[in-house]
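Below, each value reflects all heavy atoms present in this structure, side chains not excepted, and no hydrogens, waters or symmetry copies. Naming convention: chains lettered A, B, ... in sequence-line order (proteins, then strands); numbering from 1 in each chain. Just so we're clear, the structure is a prediction, and the values are computed from it rather than from any experiment.
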Amino acid sequence: MTEEIIIAGFGGQGVLSMGKILAYSGIMQNQEVSWFPSYGPEMRGGTANVTVILSDERISSPVLNQFDTAIILNQQSLDKFEDKVKPGGTLLFDPNGIIKEPTRTDIKIYKIDATRIAADNGQPKTFNMIVLGAFLKAKPIVKIENVKKGLEKSLPERHHKMIPMNIEALILGEKELIEVQ
Amino acid sequence: MGDLRLMKGNEVIAEAAIRCGCDGYFGYPITPQSEVMETLMLRRPWEETGMVVLQAESEVASINMMFGGASSGKKVMTSSSSPGISLMTEGISYMAGAELPGVIVNVQRGGPGLGTIQPSQADYFQATKGGGHGDYRLIVLAPNSVQEMNDFVDLGFELSFKYRNPALILTDGVIGQMMEKVELSEFKPRLTDKQIEEKYGEWIASGKKPDRERHIKTSLEMVSEVQEKNNERFQAKYRAMEKDEVRFEAIQCDDAEYVIVAYGVSSRISQKAVVLLREQGIKAGLLRPITLFPFPTQKINQLTDKAKGFLSVEMSSGQMIEDVKLAVNGKTKVEHFGRMGGVIATPGEVVDAVKQKLIGG
């Protein structure tokens with residue numbers, strides 16, 4: 001199994017850390033992983049994206065022009081990456097701020113209203129975990145228990161008290177996923 | 001099994017330095033390699049192993065601090081990105097001229113000049129053909145994974161002390177910035193001054209002993225005849241490296257009709273291109289030089305028996321292609337594909353280039 005994913009949105013949304021948690025979860029189930037961020041003069045409010053690959057085999061290129069899954073968190077990213085989803089692939093987006101919805105008919109499209117859900121719960125920082133939960137419902141490539149193990153491994157001990165809150169957000173995302181087509 | 005982590009290439013360079021018993025790191029921040037010194041400052045190895053970590057006032061200062069440390073037999077290193085390495089080239093030439101070991105890391109970005117902060121491979125000439133002045137060569141290692149960023153720090157030190165010549169790790173912004181699974185090396189203790197004296201006492205500047213001449217570490221020699229002898233000694237080392245230190249990886253080359261030659265991140269992108277080409281029934285292979293100097297000339301020449309064409313894939317206008325052409329020696333065609341200025345080629349583009357430049361052309 002190889003899953004090639006692009007996660008794209010605004011800087012500050014937790015795009016890069018979502019990718020990192022996903023990569024760590026892959027390691028927890030003995031997979032090969034790669035994580036390559038866009039880096040540059042980008043900052044909070046600018047665009048940010050990361051390519052994450054999880055595979056049972058040695059990963060060749062960390063840089064891709066086509067993806068199995070695109071996780072899209074703003075309009076610019078949708079414009080940029082919709083065409084780059086492989087036919088039969090998956091596109092997951094948060095409708096917040098999206099004025100032009102995806103138009104492809106040869107891919108699976110899912111929606112997660114994560115910005116609103118996170119705000120309604122008064123925990124805007126769990127936004128990216130809600131999105132990740134939704135993605136794992138659409139494509140269960142890593143087990144929730146491995147996400148938990150990944151968080152335990154990657155976070156310093158003093159932050160471990162945050163893990164239950166993040167796992168709850170993940171489960172909430174799983175529940176709230178909407179299948180568009 | 002060692003310590004398994006998910007880390008950036010740059011962070012791994014720092015961790016590998018601490019673990020291999022490095023005595024000192026001297027650097028100056030520059031994107032896309034600032035995480036090397038950031039990680040070292042965060043790790044505070046001076047409390048753990050006694051390793052010195054110093055932010056110098058410039059790249060010129062860093063390389064000259066290395067000259068000093070290496071003169072006393074210490075394992076010293078620096079890292080920078082393209083414009084910073086240009087500033088260091090004088091010092092690198094001096095180190096080669098004074099026969100001093102040390103590891104220099106270049107996490108390449110697009111040029112010329114200040115250029116861009118995005119990844120590039122346009123410093124191949126600078127790394128392999130001198131860069132600085134005079135007839136010298138560096139041992140040039142080209143990692144293509146985060147794991148090799150770990151492994152090549154230790155290997156770089158080993159080779160640079162074996163030949164008493166600086167070693168350069170030539171990598172790029174992709175390998176520096178990306179995270180992969182890495183198995184970190186076991187800790188090796190730093191050498192004590194007594195151990196250094198025992199191992200390298202013959203050449204280091206460790207204080208004049210009554211039974212020997214002073215050891216003066218310099219690249220200056222005013223008597224031409226003596227300097228010619230020095231040069232002959234350097235050249236003999238470079239020939240020995242060419243004989244014993246060539247490293248490469250050949251992927252599906254045995255039956256390959258079309259061979260891509262690529263190093264660093266381009267080799268990863270090209271590896272995917274080989275898979276895509278094979279799916280289309282095209283017999284493609286990848287020859288990845290791991291050492292850029294010494295270059296795997298002989299291996300490439302052997303591949304001309306079967307190959308109908310070679311494609312040098314580099315993120316530059318075509319620099320390594322000159323060494324590929326020398327290796328192929330006119331037996332078949334050699335073409336180049338690359339993006340410049342910080343643009344990263346994609347596997348699809350490499351597939352198209354093989355079809356258009358080698359098969360169609």
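More than 12 non-hydrogen atoms from other residues, nucleotides or ligands lie less than 6.0 angstrom from CD of B:Glu48. More than 12 heavy-atom neighbours from other residues, nucleotides or ligands sit within 6.0 angstrom of NZ on A:Lys86. For OH of A:Tyr110, the number of neighbouring non-hydrogen atoms (other residues, nucleotides, ligands) closer than 6.0 Å is greater than 12. The environment of A:Asp106 atom CG is dense: over 12 non-hydrogen atoms of other residues, nucleotides or ligands sit within 6.0 angstrom. Counting non-hydrogen atoms of other residues, nucleotides and ligands closer than 6.0 Å to CE of B:Met41 gives a total above 12.
Of all the heavy atoms in B:Ala345 and A:Val63, the pair that sits closest is O-CG1, 4.2 Å. Here the shortest heavy-atom pairing between B:Met178 and A:Phe36 reads CB-CD1, 3.9 Å. Here the closest heavy-atom approach between residue A:Gln31 and residue B:Lys181 is recorded as O-NZ, 3.0 Å. Considering all non-hydrogen atoms of both residues, B:Lys8 and A:Trp35 come closest at CE-CZ3, 3.9 Å.
Each of B:Ile175, B:Val174, B:Ile344 was checked for a side-chain contact (heavy atoms from CB on, under 4.5 Å) with A:Pro62, and the lone residue meeting it is B:Val174.
Along residues 166-181 of chain A, no residue comes nearer than 4.5 angstrom to chain B, judged on non-hydrogen atoms. Proximity to chain A at a heavy-atom threshold of 4.5 Å picks out B:Arg268, B:Ile269, B:Gln271, B:Lys272 from residues 268-285 of chain B, in numerical order.
Contact annotation for A:Ile53: neither backbone nor side-chain heavy atoms come within less than 4.5 Å of a heavy atom of chain B. For A:Lys20, the parts lying under 4.5 angstrom from a heavy atom of chain B are both the backbone and the side chain.
Within the model, atoms CG of B:Leu4 and CE of A:Met28 stand 7.5 Å from one another, a figure rounded to the nearest 0.5 Å.
Note on A:Lys153, A:Glu32, A:Arg58: by heavy-atom pairs under 4.5 Å with chain B, the leading option is A:Arg58. In terms of non-hydrogen atom pairs under 4.5 Å with chain B, the most contact-rich of A:Gly150, A:Gly26, A:Pro37, A:Gly19 is A:Pro37.
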